[in-house]
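Written out below as structure tokens is the structure these notes cover.
In this chain, residues are counted from 1 in sequence order. Any value given below was found using the heavy atoms of this structure, including those in side chains, with hydrogens, waters and symmetry copies removed.
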Amino acid sequence: LGEDFRRHLPALVRGGDFEPTLRGQFLGGRVRADIGLTKQAGEFKSGPDAGKRIPRIPTTGFKGNINYVIPLGGDWRGFANVRYASETGGRQELNAAIPIPFTTPQQFRFAELDEHTLVDLRLGVRTLEPEIALYADNAFDERYVIFETSTTNRLNATRRVGVQFRQRF
């Protein structure tokens, strides 16, 4: 961007992604792995908050998605899927020096984003049309604060386990 254009932007976010996909064979089945690494940062360029970091932008993210499909006989296929997502760094608020009251009086935590790692699992079978799978979202029941103030404490979703049936029409 030209200098004149950048000077008039209220905020600027910089970052980069690296997202390779790997494919191959393993124990008679097909494997596909999608991996992603993200680094980002941003700051306000003008106004009363010039020079401050933009809130709610994790500085580092790592994600992975591995799919495995194996023939079971006839039209039947077995499959497994693991999704992984992790985020670290970043601020919840503009001013990181402002403490947020935590669980007990006189104990404060500053407005940084909570680091977290989530793992989702699926295991199932499918034919040409129907599919049935066991799943666990947030399999290790990771708990973290999404948003927090002195009167609000919003958490992520808890572990969810179930059976899923899909039929394409």
Side-chain angles (χ1 to χ4, degrees), residues 13-42 53-93 96 100-104 107-169:
V13 176
R14 300 171 305 283
D17 295 327
F18 177 67
E19 297 182 347
T21 296
L22 309 169
R23 295 181 185 163
Q25 301 288 322
F26 182 71
L27 298 176
R30 292 186 329 258
V31 178
R32 176 184 166 137
D34 300 303
I35 302 166
L37 175 64
T38 301
K39 292 291 284 180
Q40 56 190 0
R53 288 172 41 191
I54 298 174
R56 304 210 181 108
I57 298 178
T59 55
T60 304
F62 180 75
K63 64 182 179 179
N65 187 25
I66 300 172
N67 290 298
Y68 180 68
V69 179
I70 187 166
L72 298 175
D75 291 334
W76 289 93
R77 305 279 184 264
F79 64 89
N81 172 255
V82 178
R83 285 185 303 182
Y84 175 93
S86 175
E87 292 181 338
T88 61
R91 292 185 179 158
Q92 176 181 295
E93 302 297 335
I100 295 176
F102 199 55
T103 54
T104 60
Q107 183 181 18
F108 291 99
R109 166 178 104 66
F110 292 95
E112 299 294 320
L113 291 176
D114 278 355
E115 297 180 359
H116 59 275
T117 299
L118 298 176
V119 176
D120 298 337
L121 306 170
R122 283 176 49 90
L123 181 66
V125 294
R126 69 171 64 109
T127 64
L128 296 175
E129 292 297 327
E131 171 182 301
I132 189 163
L134 302 172
Y135 70 89
D137 292 338
N138 190 5
F140 300 110
D141 205 21
E142 174 87 6
R143 304 296 290 149
Y144 63 94
V145 175
I146 294 174
F147 179 77
E148 180 178 29
T149 67
S150 59
T151 59
T152 304
N153 194 0
R154 189 172 308 139
L155 301 174
N156 67 306
T158 60
R159 175 177 33 223
R160 185 175 57 187
V161 178
V163 176
Q164 184 179 55
F165 178 79
R166 292 183 185 179
Q167 173 66 50
R168 292 181 179 90
F169 296 99

Using the side-chain contact (heavy atoms from CB on, under 4.5 Å) rule, take I66 and I35 through it: C-alpha gap first, then chi angles, then the decisive distance, then the call.
CA-CA 8 Å; I66 300 172; I35 302 166; over 6 Å; no
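- No side-chain heavy atom of K63 sits under 4.5 Å from any side-chain heavy atom of T38.
- Between the CG atom of L72 and the OG1 atom of T127 there is a distance of 11.0 Å, given to the nearest 0.5 Å.
- Taking OG1 of T88 as the start and CZ of F62 as the end, the distance is 12.0 Å to the nearest 0.5 Å.
- Shown here for E19 and G36, the closest heavy-atom pair between the two residues is CG-CA, 4.0 Å.
- Exactly one residue among R77, Q164, R122, Q167 makes a side chain to side chain donor-acceptor pair (under 3.5 Å) with E131. That residue is R122.
- To the nearest 0.5 Å, atoms CZ (R14) and CD1 (I54) are separated by 8.5 Å.
- Using a 4.5 Å heavy-atom threshold, the side chains of T117 and Y84 count as touching.
- Around atom CZ of R168, no more than 12 heavy atoms belonging to other residues, nucleotides or ligands sit under 6.0 Å away.
- Residue-environment remark: CZ (F165) exceeds the threshold of 12 foreign heavy atoms within 6.0 Å.
- Between T59 and G90 the shortest heavy-atom distance is CG2-N, 3.8 Å.
- Minimum heavy-atom separation, A136 to V161: CB-CG2, 4.1 Å.
- Evaluated for a side-chain contact (heavy atoms from CB on, under 4.5 Å) with R83, the options L118, V119, N67, D137 yield exactly one hit, D137.
- When all heavy atoms of G28 and I70 are compared, the pair lying nearest together is O-CG1, 3.9 Å.
- The heavy-atom pair separating A80 from L123 by the smallest distance is CB-CD1, 4.0 Å.
- Ring planes of F26 and Y68: perpendicular class, angle over 60° (limits at 30 and 60°).
- You'll find the side chain of N138 stays beyond 4.5 Å of the side chain of R160, heavy atoms only.
- Of the residues E87, H116, E115, the one that meets the side-chain contact (heavy atoms from CB on, under 4.5 Å) test with Y144 is H116.
- Of all heavy-atom pairs spanning N156 and E142, the tightest one is ND2-O, 2.9 Å.
- Here the side chain of R159 pairs a donor or acceptor atom with the backbone of A139 at under 3.5 angstrom.
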